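Notes follow the structure.
As the structure is a computational prediction, the values presented were derived from the model and not from experiment.
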Amino acid sequence: MRRQYLLPLLQEPNYIILPESIGWYRDEPDHYVDRKVGTWTTFSIHFVVEGSGFVEVEGDVYCLKRGDAFFYFPMQEQKYYSSKEDPWSIRWVHFYGEGLGSLLSGRGFHRFSLWHIHDVPLLIELHEHTLSEAETHSFLHLSQLSTLTYAFLAGFMTNAEPWNTEKMPEHDSRIGALLPLMQQQACEPFELDYWAKEAQVSKYYFCRLFKQATHMTPMSFITLCRLQQSKQWLLDHRDMNIKEIAEKTGYPSTSYFNKLFLKQEGLTPTKYRELHGTAMQE
């Protein structure tokens, strides 16, 4: 059983990304794909929703199950097939676009074919939105189709880690449950001991799990949350000067706050406020 939608391959799409085909299949124990080097011109992502199957990479055979994915660049050899005893359910998209090679290579996706997805329900939802748009409007609403395809790709990139035999999917659930709380309390003094205890792991292991789940350190995440909040206060509370906002954000040193803000946003807090209206006299 399968559901798929095929679209024309536009030669000058003028969009960063578009799908060439998208769909899913399940209950097909005889499903088998063997594409030689140089025969496939688009990028492709397949991720396993249920069941199991096999992917061959440089002569080695790997068994993939729910949450596992395989990612191909154009012209790569592709060989994968379903388990006959436990046929896999696969969602997939073939896509193309200007600059995608540089974008994906810059994030290291050219280095691995096999990946593991932390948040499978999210990726299913993003994939379904894209598939439904293609089925409903084909290529008549290219802006919407491109936006949804990019959302799917972004969801994949932010939730994927290189596949290995010692995957621990609980990484995402442990850290993911704490992220909203950490965001809410970001402007309070950051205590690594406290958050490691909340996750019921050591400080070292907490930092390791956090990096695997978010691709950043705990302090980098806290800094981003603080700066995000400071931007809101800069615009919503023009009666507060920069020093007051720095302290409220968690930075007693105004100069350090200015340095962080400049590094992240490319301009000072004062300039940021000026760009969005009349600045206060500091």
Side-chain angles (χ1 to χ4, degrees), residues 1-11 13 15-36 39-57 62-84 86-97 100 104 109 113-160 163:
M1 179 185 298
R2 65 176 57 207
R3 174 185 169 199
Q4 64 180 2
Y5 196 86
L6 309 177
L7 296 109
L9 190 64
L10 304 182
Q11 297 304 313
Y15 291 92
I16 190 173
I17 185 172
L18 284 172
E20 182 272 335
S21 59
I22 181 171
W24 54 255
Y25 51 81
R26 63 172 180 262
D27 298 327
E28 295 190 6
D30 295 325
H31 178 257
Y32 185 96
V33 171
D34 186 2
R35 300 184 178 115
K36 305 303 181 184
T39 61
W40 204 255
T41 61
T42 61
F43 296 87
S44 65
I45 294 173
H46 300 69
F47 65 102
V48 184
V49 177
E50 298 293 345
S52 62
F54 304 92
V55 177
E56 294 190 18
V57 181
Y62 299 88
C63 180
L64 275 62
K65 298 183 179 182
R66 177 178 170 83
D68 293 327
F70 43 108
F71 185 106
Y72 293 121
F73 271 57
M75 305 300 179
Q76 274 190 285
E77 180 183 28
Q78 303 180 18
K79 192 170 185 179
Y80 52 93
Y81 42 92
S82 177
S83 163
K84 293 184 179 297
D86 183 26
W88 59 11
S89 174
I90 289 277
R91 282 184 177 257
W92 53 268
V93 59
H94 297 288
F95 59 96
Y96 62 102
L100 286 178
L104 292 163
F109 284 90
S113 295
L114 306 182
W115 297 82
H116 183 76
I117 307 300
H118 291 298
D119 195 340
V120 176
L122 172 64
L123 208 60
I124 291 175
E125 179 182 359
L126 294 172
H127 183 272
E128 185 63 29
H129 288 331
T130 310
L131 176 56
S132 295
E133 172 63 26
E135 291 175 327
T136 303
H137 298 116
S138 184
F139 59 95
L140 299 181
H141 297 169
L142 286 179
S143 294
Q144 179 70 358
L145 184 61
S146 178
T147 298
L148 290 171
T149 309
Y150 186 79
F152 170 78
L153 177 60
F156 176 81
M157 290 193 296
T158 55
N159 279 287
W163 192 91

Subject >> Sole residue of Tyr62, Phe109, Tyr72 in ring-ring contact (aromatic ring centres under 6.0 Å, His included) with Trp115 >> reply: Phe109

Original post:
Could you state the interatomic distance from CG (Leu9) to OH (Tyr96), rounded to the nearest 0.5 Å?
Top reply: 5.0 Å

Subject >> Phe139: partners by side chain to side chain contact (heavy atoms under 4.5 Å, CB included), with sequence neighbours left out >> reply: Leu7, Pro8, Leu142

Subject >> Partner residues of His129 under the ring pair (Phe, Tyr, Trp, His ring centres under 6.0 Å) criterion, sequence neighbours left out >> reply: none

**OP:** Return yes if some donor-acceptor pair links the side-chain N/O of Ser82 with the main-chain N/O of Trp88 below 3.5 Å, else return no.
**Re:** yes

Original post:
Is a side-chain donor or acceptor of Tyr25 paired with a backbone partner of Gln4 at a separation under 3.5 angstrom?
Top reply: no

Original post:
For the residue pair Tyr80 and His46, does the interplanar ring angle fall in the parallel (under 30°), tilted (30 to 60°) or perpendicular (over 60°) class?
Top reply: tilted

**OP:** Inspect the contact between Lys36 and Asp34 and indicate whether a charged nitrogen and a carboxylate oxygen are less than 4.0 angstrom apart.
**Re:** yes

Subject >> From Leu148 atom CG to Leu18 atom CG, the distance as rounded to the nearest 0.5 Å >> reply: 11.0 Å

Subject >> Pairwise distance CD1(Ile117) to CZ(Arg66) - rounded to 0.5 angstrom >> reply: 11.5 Å

**OP:** Over 60° means perpendicular and under 30° means parallel, so classify the ring planes of Trp92 and His94, tilted if in between.
**Re:** tilted

Subject >> Pair Tyr15, Ser143: side-chain N/O donor-acceptor within cut-off below 3.5 Å >> reply: yes

**OP:** Check the pair Trp24, His127 against side-chain hydrogen bond (donor to acceptor under 3.5 Å, both in side chains), reporting the backbone distance first and the verdict last.
**Re:** CA-CA 10 Å; Trp24 54 255; His127 183 272; over 6 Å; no

Original post:
Should Glu28 and Arg2 count as side-chain neighbours, where that means a heavy-atom distance under 4.5 Å?
Top reply: yes

**OP:** Can you measure from NZ (Lys65) to OG (Ser83) and round to the nearest 0.5 angstrom?
**Re:** 9.0 Å

Subject >> Reported CD-to-OG distance for the pair Glu133 and Ser146, which is rounded to 0.5 angstrom >> reply: 11.0 Å

Original post:
Where do Leu126 and Ala151 come nearest, in terms of heavy atoms and distance?
Top reply: CD1-O, 3.5 Å

Original post:
Can you find a pair of side-chain heavy atoms, one from Leu153 and one from Val93, that are under 4.5 Å apart?
Top reply: no

Subject >> Gln78 side, atom CD; Phe73 side, atom CZ - distance, nearest 0.5 Å >> reply: 12.5 Å

Subject >> Non-hydrogen atoms of Cys63 and Asp68 that approach each other most closely >> reply: O-OD2, 4.4 Å

